[in-house]
Structure formats: C-alpha cells, structure tokens
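Here the structure is laid out as structure tokens; the discussion comes afterwards.
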Amino acid sequence: MPRHPAATVKCRPQARASSPAAATSPYTGAPLADLPVSTPGDVEDAFARARAAQVGWAATTVADRKRIMLRFHDLVLQRQEEALDLMQAESGKTRRDAFLEVSDIAITARYYARSARRLLSPKRRKGAIPVLTHTTELHHPKGVVTVISPWNYPLSMAAGDALPALMAGNAVVQKPDTQTALTALWALDLMREAGLPADVWQMVVGRGSSIGDALMAGGDYMMFTGSTASGRRIARDAGERLIGASLELGGKNAMVVLADADIEKAAAGAVGACFPSAGQLCVSIERLYVADEIHDAFVTAFVERTRAMRLGAAYDFSMDMGSLTTPSQLETASSHVDDAVAKGATVLAGGKARPDLGPLFYEPTILADVTPDMTLFDRETFGPVVSIYRYRSVDEAVAMANATPYGLNGSVWGRNGAEARKVAGRLHVGTVTVNEAFAAAWGSIDAPMDGMGDSGLGRRHGADGLLKYTEAQTVAHQRLQGFTPPRGVKYEQWARILTRAFKTLRALGVR
Ligand code: NAP
C-alpha cells in the first residue's frame with residue numbers, strides 16, 4: 001500500500017470555498033482526499049496573481065528558467081516513488097504505466113530546458129530588399145496560459161503542457177481534473193521547490209460547469225486536453241475571444257498488421273498498444289486490421305497473450321493492467337461491449353467486469369465480427385476493448401483505417417521497414433509508430449505530436465509545442481533606401497529600376 005498520498009502534497013489549489021470535492025480510489029472505491037473547490041472568484045484571483053507574476057518571470061533569462069527546469073527534472077526522478085503512489089491511487093493504473101509518465105515528464109523537462117534558447121532567440125530573416133532591410137523574428141510570451149487537463153495521465157497531462165508554456169516565459173493557470181488533482185499539485189509543489197516563483201503557476205480545482213467560463217475569460221491562450229465534444233465548445237469560446245487554442249482530443253486509433261509482420265512481435269506489440277492504462281490512453285489502439293495471410297495465427301497469438309495478462313491492484317511493478325479510473329468509464333466499456341455482443345460480435349478474450357479485483361476493473365477485451373451498426377465500431381471507448389478485422393489488400397486496410405472522422409494515432413507492423421513506413425505515411429493521423437506500440441512517437445519529443453480532424457487542433461512536443469505559447473513579432477529595419485523613389489526620381493523610372501532588380505534577383509537564384 002502507498003504512504004498516505006495526500007500527505008506528500010504541500011500545495012493547495014487556489015480556493016476560498018468551503019465545500020470540498022472528493023476524489024475516490026479506483027482500486028477500492030474508498031475516499032482518497034477532500035479537495036478545496038475553487039469558485040469563479042478564486043479563478044479570477046488566480047489569473048490576477050499569475051498576470052502580476054508573469055511580468056517578472058518573462059524578465060528572467062532563458063538560462064535562469066533552464067536551471068529551474070533541470071532542477072525540476074532531477075526532483076521528479078529523485079522523488080518518483082511519491083508520484084508513482086499518487087498516480088496509482090488516483091487513477092488505478094499499474095506502476096508500469098505510472099512510470100511511463102515519470103519518464104515522459106523527465107524527457108519533456110530536459111528537452112524544453114535545453115531547446116528553449118534555440119527556439120526563442122531572435123532569428124534573422126530575409127529582408128524585403130537584400131542588404132537594405134534588416135529583418136528579425138522575435139517571440140514574446142502570450143502572457144497567461146490556461147491549461148485544462150484530464151484524469152487519464154495525471155502527471156503527463158498536468159505538467160507536460162505547462163512546462164513549455166513556462167519555459168516560454170508565460171504564467172499558467174491550470175485546472176487539473178478533480179479525480180487526479182493530487183498528482184498535479186505534487187508537480188506544482190516540486191516546481192516551486194525547484195525555484196519557480198510562487199504565483200507563476202497556479203492551480204484551481206472544480207467542475208468545468210462551475211469555473212469553465214472564468215477559465216476561458218482569464219487567459220491569453222487555451223491548452224485543452226479532453227473529449228472532442230468538450231474541445232468543440234472550448235474552440236467556439238476561444239473563437240469568440242479571438243485567442244489561440246491547442247485542442248488535444250479523442251481518437252479511434254487503428255493498427256495495421258502487414259502480411260510480412262513477425263507474428264509474435266506484432267501480437268506482443270498489440271497488447272502494449274491496446275491496453276496501457278486499461279485503454280484509457282488517447283493514443284491506444286481500438287481497431288486492429290490484420291492481413292488475411294496471417295490473420296488466424298496473429299489472432300491466436302494475440303488472444304493467448306491477452307488472456308495471460310495479470311490484472312490487479314498492486315503498488316509494485318507486478319501487474320500488466322490496472323483498473324479503469326471512473327464509474328463512467330466502466331459504464332462506457334461495459335455498454336459498448338454488451339451492445340456489440342447483442343448485435344452479433346464474438347468475444348475472443350475478456351468481455352466482462354471483474355468486481356472481484358476492485359469496483360472498476362474490466363478485462364482486456366478482444367472482439368471479432370464487429371459491424372457498423374455497433375456503437376464501438378466508430379465511437380471511442382477509451383477502455384480496454386479492441387475490435388479485430390481481416391483485410392485482403394493494403395489499400396483496403398488503409399481505407400478502413402482512415403474511415404473515421406478522428407485522426408490521432410496509428411501503428412503499422414511489418415518486417416520490411418521501408419514498406420511499413422510507406423503505409424504509415426498513408427494513414428490520416430498525426431502520429432504513427434512502426435513496429436512499436438506508441439512510445440516511439442510519443443517519446444520522440446523533438447517531433448510534433450497529436451491529431452488531425454476530430455482529434456484536435458495544434459500540436460504538443462517539438463518546436464510547435466513551445467512556440468504556440470508565444471506571439472511572433474517581425475521587426476524590419478529599413479536602411480538607406482526603401483520602396484518609395486529616391487528624391488528626384490520619377491515613379492515610372494523607379495518602377496523600371498525595381499522591375500530590373502526583381503529580374504536580377506530571380507536570375508541570381510535569390511529566394
Ligand atoms: P472531457 O469530458 O472533455 O473532460 C476533460 C477535462 O476537461 C475534465 O477535467 C473536465 O472537467 C474538463 N473540462 C471539460 N470541459 C470544460 C470546460 N468547458 N471548462 C473547463 N474544464 C472543462 O474528457 P474526458 O472524457 O474526461 O477525457 C477523456 C477524453 O480525453 C478522451 O476522448 C481522450 O481521447 C481525450 N484525451 C486526448 C488526449 C490527446 O492528447 N489527444 C490526451 C488525453 C485524453 P469536468 O469534468 O470537471 O468538467
């Protein structure tokens with residue numbers, strides 16, 4: 001059992017209100033912590049403090065911020081046991097899944113600490129008139145960034161998007177999900193210990209229905225992660241205010257197993273791709289397309305591995321899959337499977353809740369014979385449920401994988417790496433892993449991550465993941481002669497001179 005998780009968290013959300021919100025343990029259903037709930041007034045207060053603090057924070061050098069970020073990196077690794085306990089207690093995931101979040105935050109902190117100077121430093125750009133126009137691109141922080149994060153990856157989702165916003169010189173006001181706020185507050189606690197001035201990163205806790213308007217009204221940029229339905233509402237509100245928004249939303253991710261795939265490796269990969277955090281991972285796989293030639297052998301291997309998974313609540317690394325996080329996730333997974341089975345789907349593995357293990361456990365489930373009239377055919381389950389389909393040509397597999405309004409993540413398996421990468425490039429998704437479950441793309445932090453279509457707008461990671469939190473500004477200094485004719489030169493004559501100059505630039509190969 002963990003130490004008392006709440007005891008390890010010193011920070012409290014910005015709140016004056018009295019009636020607390022309760023988080024419950026997914027493993028047992030027992031109360032976990034009472035959290036003070038913020039009112040809309042508290043949120044306004046948090047923005048006012050953040051805005052005041054941001055001025056001083058933006059005036060620090062990138063080197064100062066880098067030192068704090070690397071200290072945070074070291075603290076996260078040193079004190080990871082606290083975070084692992086908290087994440088497991090709040091989300092019900094396995095320690096292995098929780099450790100991936102610690103790894104993710106270490107990678108993110110190191111990357112942005114070490115990349116920010118290059119990304120933020122002023123850049124010389126081609127001027128309007130060669131030599132005579134001195135043009136520079138600058139990046140200024142947006143000001144105060146609002147971050148709204150979900151419950152499924154309590155540390156990755158809470159800290160992962162705040163770190164680049166802070167590195168760019170912004171203050172942050174964040175609403176983590178109430179169910180997983182302790183982990184977010186722990187990260188804030190560590191960041192302050194690492195040297196971040198107190199008011200630069202603020203946390204508020206409460207339901208979107210109560211403090212959502214205040215969160216939207218106060219910030220200069222919105223970073224939202226959650227469902228597509230909520231993302232649409234946030235996008236409408238951001239449009240009304242004419243502020244930018246990055247929206248990382250849902251998916252119905254597909255894996256394509258090519259005819260030449262190594263069957264055992266692909267089957268093990270499918271287990272890793274479909275069931276991390278009990279399928280409550282935005283990039284996890286819910287649709288599997290397998291080449292006719294190897295379909296039966298692959299299904300046998302995949303089903304065998306899935307049935308052998310160890311399920312349970314353990315605060316060590318022994319389990320393969322943990323619990324779902326909320327009763328509504330259990331309800332969705334159960335109802336999707338029950339609906340599919342009632343309409344003729346075949347259960348190859350799992351297919352039922354496991355109250356003997358804990359109130360929210362559900363078996364890793366593989367379904368065959370899934371048809372378009374079944375809810376889970378095209379709707380995201382966000383649980384440990386995958387449908388498996390046979391295909392006869394690569395074109396057919398690509399068409400089926402792309403037949404969804406979502407476009408978040410995909411995976412392709414095949415021995416011929418070049419061919420598999422070609423198929424990957426044909427999938428209409430923001431990221432694809434080849435011969436790996438999902439971590440290869442997510443962990444490639446130098447490259448952009450996240451979705452197309454109904455899976456969202458904007459990207460995290462890479463240059464985009466930091467520069468979206470800035471306003472670009474162009475400063476063009478015109479020296480000696482500009483576009484107006486010099487004194488005494490007629491406009492007709494000036495137009496001829498410029499025309500000759502443009503032709504010369506073209507002939508010289510100037511951009
Ligand atoms: P959700 O209902 O949209 O809620 C997500 C979080 O946003 C919750 O904490 C919620 O708080 C808050 N929220 C929603 N609308 C809000 C508003 N108008 N103002 C302020 N806060 C608001 O999503 P969910 O079902 O809990 O989360 C799972 C979804 O997230 C899945 O679809 C999954 O694919 C997606 N996801 C995507 C990514 C990605 O990177 N693309 C990553 C993780 C998860 P309240 O519940 O208190 O309102």
Side-chain angles (χ1 to χ4, degrees), residues 13 21-23 35 37-38 40 43 90-91 93 97 101 104 108 146-158 160-161 173-181 183-184 203-219 222-238 240-241 245-253 276-286 324-333 379-383 404-409 429-431 438 441-442 448-461 465:
L35 290 154
V37 174
S38 314
V43 176
E90 289 187 311
S91 72
K93 64 176 61 191
D97 289 325
E101 297 200 50
D104 176 40
T108 305
T146 308
V147 178
I148 298 177
S149 43
W151 43 268
N152 64 325
Y153 272 65
L155 183 60
S156 277
M157 293 292 112
D161 292 315
V173 173
Q174 179 158 17
K175 182 185 105 59
D177 193 273
T178 311
Q179 174 62 30
T180 52
T183 305
M203 293 266 175
V204 293
V205 168
R207 297 309 305 255
S209 50
S210 137
I211 57 172
D213 288 348
L215 281 161
M216 178 47 83
M222 173 60 80
M223 173 66 228
F224 175 79
T225 306
S227 65
T228 299
S230 303
R232 285 191 205 286
R233 270 198 304 278
I234 300 265
R236 269 197 298 273
D237 292 347
E240 198 58 46
R241 284 203 54 219
S246 195
L247 307 166
E248 319 305 346
L249 311 176
K252 187 74 187 174
N253 308 308
S277 291
Q280 301 166 119
L281 167 66
C282 54
V283 291
S284 64
I285 297 294
E286 295 195 3
L324 290 164
T325 303
T326 63
S328 87
Q329 285 310 121
L330 177 64
E331 165 57 26
T332 306
R379 292 260 284 278
E380 183 185 35
T381 303
F382 212 51
T404 162
Y406 291 114
L408 190 55
N409 183 46
V429 290
T431 48
F438 64 88
W442 187 281
M449 172 90 220
D450 269 294
M452 304 176 179
D454 284 4
S455 293
L457 288 176
R459 296 287 185 271
R460 49 166 67 99
H461 294 178

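Just follow the structure's listing: the first ligand is 1, and inside any ligand the first atom is 1. Side-chain atoms are counted along with the backbone in the values below, which use heavy atoms only and exclude waters and symmetry mates.
Between the CE atom of Met223 and the CD1 atom of Ile234 there is a distance of 11.0 Å, given to the nearest 0.5 Å. To the nearest 0.5 angstrom, Leu324 atom CG is 10.5 Å from Ser277 atom OG. Note that CD of Gln280 and OG1 of Thr381 are 11.5 Å apart. Values are rounded to the nearest 0.5 Å. The OG atom of Ser156 sits 9.5 Å away from atom CG of Asp161, with the distance rounded to the nearest 0.5 Å. One distance of note links CZ of Phe438 with CG of Leu281; it measures 5.0 Å at 0.5 Å rounding.
Considering backbone and side-chain N/O atoms, Ser455 never comes within less than 3.5 Å of an N/O atom of ligand 1. Between Ile234 and ligand 1, not a single N/O pair is under 3.5 Å apart. For the pair Ser209 and ligand 1, the shortest N or O to N or O distance does not fall below 3.5 Å. Between Thr178 and ligand 1, no N or O atom pair is found at a separation short of 3.5 Å. Taking only nitrogen or oxygen atoms, main chain and side chain alike, Trp151 reaches within less than 3.5 Å of ligand 1. Annotation: Glu380 places an N or O atom under 3.5 Å from an N or O atom of ligand 1; distance criterion only. Ligand 1 has no N or O atom lying under 3.5 Å from any N or O atom of Thr225, backbone or side chain. Between Gly208 and ligand 1, an N or O atom pair is found at a separation short of 3.5 Å.
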Show which side-chain atoms of residues 208-215 pair as donor or acceptor with protein atoms under 3.5 Å away, not counting sequence neighbours.
none

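The neighbour count for Arg207 CZ, taken as heavy atoms of other residues, nucleotides or ligands under 6.0 Å away, does not exceed 12.
Taking the ring pair (Phe, Tyr, Trp, His ring centres under 6.0 Å) definition, one finds that Tyr153 meets it with nothing, sequence neighbours left out.
Using a distance-only test at 3.5 Å, with no hydrogens or angles considered, a donor-acceptor pair links the side chain of Glu101 to the main chain of Leu155. Between the side chain of Ser91 and the main chain of Asn152, no donor-acceptor pair closer than 3.5 Å is present. Proximity of a side-chain donor or acceptor of Ser38 to a complementary backbone N or O of Val204 within less than 3.5 Å is not detected.
Nearest to atom 11 (O) of ligand 1 by heavy-atom distance, out of Glu248, Arg207, Lys175, is Lys175.
In terms of protein heavy atoms, atom 35 (C) of ligand 1 is closest to Gly226 O, 3.1 Å. Closest to atom 13 (N) of ligand 1, if we only count protein heavy atoms, is Phe224 CE1, 3.9 Å. Ranking the protein heavy atoms by distance from atom 23 (O) of ligand 1 puts Ser227 N, 3.3 Å first. Looking from atom 41 (N) of ligand 1 to the surrounding protein, the closest heavy atom is Leu249 O, 2.7 Å. Scanning the protein heavy atoms around atom 38 (C) of ligand 1, the nearest turns out to be Cys282 CB, 3.1 Å. At the shortest separation from atom 28 (C) of ligand 1 among protein heavy atoms lies Phe382 CE2, 3.6 Å.
Taking 4.0 Å as the cut-off between side-chain N and carboxylate O, Glu248 and Arg459 do not count as a salt-bridged pair. The pair Lys252-Glu286 counts as a salt bridge, with a side-chain nitrogen and a carboxylate oxygen less than 4.0 angstrom apart.
The part of Arg460 lying near ligand 1 is the side chain, judged by heavy-atom distances below 4.0 Å. Only side-chain heavy atoms of Met157 come within less than 4.0 Å of ligand 1; its backbone N, CA, C and O stay farther off. The parts of Asp177 lying near ligand 1 are both backbone and side chain, judged by heavy-atom distances below 4.0 Å. At a heavy-atom cutoff of 4.0 Å, ligand 1 is contacted by the side chain of Asn152 but not by its backbone. With a 4.0 Å heavy-atom cut-off, ligand 1 is reached by no atom of Ile211. With a 4.0 Å cut-off on non-hydrogen atoms, Tyr153 does not touch ligand 1 at all.
Numbered from 1 in the order shown, with element, the atoms of ligand 1 that lie under 4.0 Å from a heavy atom of Asp450 read 39 (C), 40 (O), 41 (N). Taking every non-hydrogen atom of Gly212 and a distance limit under 4.0 Å, the qualifying atoms of ligand 1 come out as 19 (N), 20 (C). The contact set between ligand 1 and Ser230, taken as ligand atoms under 4.0 Å from a residue heavy atom, comprises 1 (P), 2 (O), 3 (O), 14 (C), 15 (N).
Of all heavy-atom pairs spanning Gly251 and Glu380, the tightest one is O-CG, 3.1 Å.
Under 3.5 Å, the side chains of Thr108 and Arg460 contain no donor-acceptor pair of N or O atoms.
Within the 4.0 Å heavy-atom shell around ligand 1 one finds Ser149. Using a 4.0 angstrom heavy-atom cutoff, Ile148 counts as in contact with ligand 1.
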